[in-house]
Enquirer: 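Got a structure for you, questions after.
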Amino acid sequence: MPQAADPPLYERDFYLWTQDQAARLRAMARDNELDTKNLAEEVEALGRSERTAVERNLVQVVAHLLEHAWIDAPDPHAHWRREIVAHQQAAQDSFTPGMRQHLDMARIWRRAYQLANAKFADHSEASLPRHAECPFTLDELLRADFDIEEARTRLHRALGRDTDGA
């Protein structure tokens with residue numbers, strides 16, 4: 001029985017496909033009617049846009065997790081959980097394996113930290129401690145079975161708080 005062919009790269013990893021196609025367009029730069037230079041830049045930009053969407057969503061996931069772990073008032077917790085789920089699902093939908101080496105967890109953590117602290121300042125809440133380390137890997141944040149409450153517990157530890165939220 002013949003094996004089914006692997007789906008084309010376009011379907012398996014859109015980001016990697018955009019980068020490959022941009023390189024191929026640049027290689028076609030000899031005299032032809034295609035505007036290969038600009039086409040390559042636009043195709044490459046499509047991939048960057050997808051990667052940026054994943055990064056932005058992961059920043060939102062981590063920022064909402066930080067809020068959920070840092071603020072004890074129960075009122076906004078349901079909202080933060082919904083936001084975490086929505087942004088995590090959006091990141092999962094756009095993520096492809098070819099992006100992995102271009103997604104910087106330190107940068108995602110730093111941006112989420114800044115965003116959370118800005119929100120805390122707007123509401124006269126205490127700032128996060130200065131030197132907490134990100135307790136998550138990229139794979140953990142993208143897992144389909146990501147456990148928000150377990151992540152909150154890990155963040156409590158990373159932020160120097162005990163696990164009961166005190």
Side-chain angles (χ1 to χ4, degrees), residues 7 9-20 22 41-166:
L9 182 59
Y10 178 86
E11 293 174 17
R12 287 191 325 263
D13 192 326
F14 179 73
Y15 174 76
L16 214 50
W17 177 84
T18 62
Q19 304 314 291
D20 176 66
E41 288 176 17
E42 291 299 325
V43 169
E44 194 171 56
L46 283 169
R48 280 193 310 270
S49 177
E50 288 289 309
R51 186 187 74 224
T52 299
V54 171
E55 183 175 305
R56 275 194 210 122
N57 280 297
L58 290 174
V59 165
Q60 289 296 320
V61 167
V62 175
H64 287 300
L65 282 168
L66 285 163
E67 293 164 347
H68 187 42
W70 192 245
I71 303 299
D72 291 327
D75 294 343
H77 284 231
H79 166 75
W80 290 327
R81 282 191 296 273
R82 285 190 305 272
E83 290 293 316
I84 291 164
V85 169
H87 285 287
Q88 193 212 25
Q89 287 174 345
Q92 289 169 333
D93 290 347
S94 297
F95 177 78
T96 64
M99 295 176 186
R100 180 175 307 286
Q101 68 188 20
H102 302 285
L103 290 168
D104 180 355
M105 279 305 298
R107 175 183 156 108
I108 290 167
W109 175 254
R110 194 171 47 253
R111 287 182 166 200
Y113 221 74
Q114 290 170 342
L115 182 59
N117 270 330
K119 289 180 184 179
F120 296 154
D122 288 347
H123 293 54
S124 302
E125 298 284 350
S127 294
L128 296 164
R130 287 184 181 250
H131 300 293
E133 296 289 325
C134 181
F136 309 113
T137 66
L138 177 63
D139 289 335
E140 289 169 334
L141 290 176
L142 291 169
R143 285 180 57 166
D145 63 348
F146 184 75
D147 183 332
I148 293 171
E149 292 310 313
E150 192 272 331
R152 182 176 190 234
T153 299
R154 287 173 65 186
L155 270 173
H156 273 156
R157 278 186 248 126
L159 299 171
R161 304 185 92 185
D162 62 25
T163 57
D164 67 5

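Nothing here was measured: the structure is a model prediction, and the numbers come from that model.
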Enquirer: Report the residues that fulfil salt bridge (Lys or Arg N to Asp or Glu O under 4.0 Å) with Glu42, sequence neighbours left out, ordered by chain and then residue number.
Expert: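 None.
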
Enquirer: With Arg12, which residues qualify under salt bridge (Lys or Arg N to Asp or Glu O under 4.0 Å), at least two apart?
Expert: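 So Arg12 forms no salt bridge (Lys or Arg N to Asp or Glu O under 4.0 Å) with any residue.
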
Enquirer: Can you list the residues that meet the salt bridge (Lys or Arg N to Asp or Glu O under 4.0 Å) rule with Glu150, with sequence neighbours excluded?
Expert: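 Testing Glu150 for salt bridge (Lys or Arg N to Asp or Glu O under 4.0 Å), a comparison that skips the adjacent residues, returns Arg154.
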
Enquirer: Which of parallel (below 30°), tilted (30 to 60°) and perpendicular (above 60°) describes Trp80 and His77?
Expert: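 Trp80 and His77: tilted rings.
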
Enquirer: What is the minimum heavy-atom distance between Leu65 and Ala151, and which atoms define it?
Expert: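 Nearest pair, atom of Leu65 first, then Ala151: CD2-CB, 3.9 Å.
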
Enquirer: Would a 4.5 Å heavy-atom cut-off, applied to side chains only, mark Gln88 and Ile148 as touching?
Expert: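 Gln88 does not reach Ile148 side chain to side chain.
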
Enquirer: Which residues pass the side-chain contact (heavy atoms from CB on, under 4.5 Å) test with Glu44, not counting sequence neighbours?
Expert: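 So Glu44 forms a side-chain contact (heavy atoms from CB on, under 4.5 Å) with Gln19, Ala22, Arg26, Arg48.
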
Enquirer: Not counting sequence neighbours, which residues clear ring-ring contact (aromatic ring centres under 6.0 Å, His included) with Tyr15? List them please.
Expert: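 For Tyr15 the ring-ring contact (aromatic ring centres under 6.0 Å, His included) partners, ignoring immediate neighbours, are His102.
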
Enquirer: Return the set of residues passing ring-ring contact (aromatic ring centres under 6.0 Å, His included) with His79 (not counting sequence neighbours), or none when no residue passes.
Expert: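 If we apply the ring-ring contact (aromatic ring centres under 6.0 Å, His included) test to His79, skipping adjacent residues, there are no hits.
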
Enquirer: Could you work out, with side-chain contact (heavy atoms from CB on, under 4.5 Å) as the rule, every residue matching Ala78, not counting sequence neighbours?
Expert: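 Scan of Ala78 (side-chain contact (heavy atoms from CB on, under 4.5 Å), adjacent residues dropped) gives Arg81, Arg82.
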
Enquirer: According to side-chain hydrogen bond (donor to acceptor under 3.5 Å, both in side chains), who are the partners of Glu149, at least two apart in sequence or on a separate chain?
Expert: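 Result, side-chain hydrogen bond (donor to acceptor under 3.5 Å, both in side chains) vs Glu149: His68.
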
Enquirer: Strictly by salt bridge (charged side-chain N to carboxylate O under 4.0 Å, His left out), give each pair with a member in residues 104-117 just once, sequence neighbours left out.
Expert: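 Listed once each, the pairs are Glu55-Arg107, Glu55-Arg111.
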
Enquirer: Can you give me the closest heavy-atom contact between Ala132 and Ala158, atom names plus distance?
Expert: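 Scanning both residues, the minimum pair turns out to be CB-O, 3.5 Å.
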
Enquirer: For a quick test of reading the model, state the closest non-hydrogen atom pair linking Ile84 to His64 and the distance between them.
Expert: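 Closest approach of Ile84 to His64, heavy atoms only: CG1-CB, 3.5 Å.
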
Enquirer: With sequence neighbours excluded, tell me which residues meet side-chain contact (heavy atoms from CB on, under 4.5 Å) with Pro97.
Expert: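 Pro97: side-chain contact (heavy atoms from CB on, under 4.5 Å) contacts with Asp13.
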
Enquirer: For Ala91, what residues pass the side-chain contact (heavy atoms from CB on, under 4.5 Å) criterion, not counting sequence neighbours?
Expert: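 Expected list: Val54, Asn57, Leu58, Leu142.
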
Enquirer: Is the shortest side-chain heavy-atom distance between Leu46 and Glu50 below 4.5 Å?
Expert: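 Sidechains of Glu50 and Leu46: no contact.
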
Enquirer: Okay, side chain of Trp17, backbone of Gly47: is any donor-acceptor separation there less than 3.5 Å?
Expert: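 No, because the side chain of Trp17 does not come within donor-acceptor range (under 3.5 Å) of the backbone of Gly47.
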
Enquirer: In terms of side-chain geometry, is the basic nitrogen of Asp147 or Arg152 positioned less than 4.0 Å from the acidic oxygen of its partner?
Expert: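 Judged by the 4.0 Å cut-off on N to carboxylate O distance, Asp147 and Arg152 do not form a salt bridge.
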
Enquirer: Pair up each side-chain donor or acceptor in residues 112-128 with any protein partner under 3.5 Å, not counting sequence neighbours, and list the distances.
Expert:
| unit_1 | atom_1 | unit_2 | atom_2 | d |
| --- | --- | --- | --- | --- |
| Tyr113 | OH | Pro129 | O | 2.3 |
| Asn117 | OD1 | Leu128 | N | 2.8 |
| Lys119 | NZ | Glu67 | OE2 | 3.2 |
| His123 | ND1 | Lys119 | O | 3.2 |

Enquirer: Which atom names give the shortest non-hydrogen contact between Gly98 and Leu16, and what distance separates them?
Expert: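 Minimum heavy-atom separation between Gly98 and Leu16: CA-CD1, 4.0 Å.
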
Enquirer: Of the non-hydrogen atoms in Arg161 and Asp72, which two are nearest, and what is the gap between them?
Expert: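 So the two residues come closest at NH2-OD2, 3.4 Å.
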
Enquirer: Look only at the side chain of Glu140 and the backbone of Thr137, and say whether a donor-acceptor pair between them is shorter than 3.5 Å.
Expert: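 Answer holds: yes.
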
Enquirer: To the nearest 0.5 Å, what is the distance between CG (Leu159) and CD (Glu133)?
Expert: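 Answer for the CG-CD pair, Leu159 versus Glu133, is 11.5 Å.
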
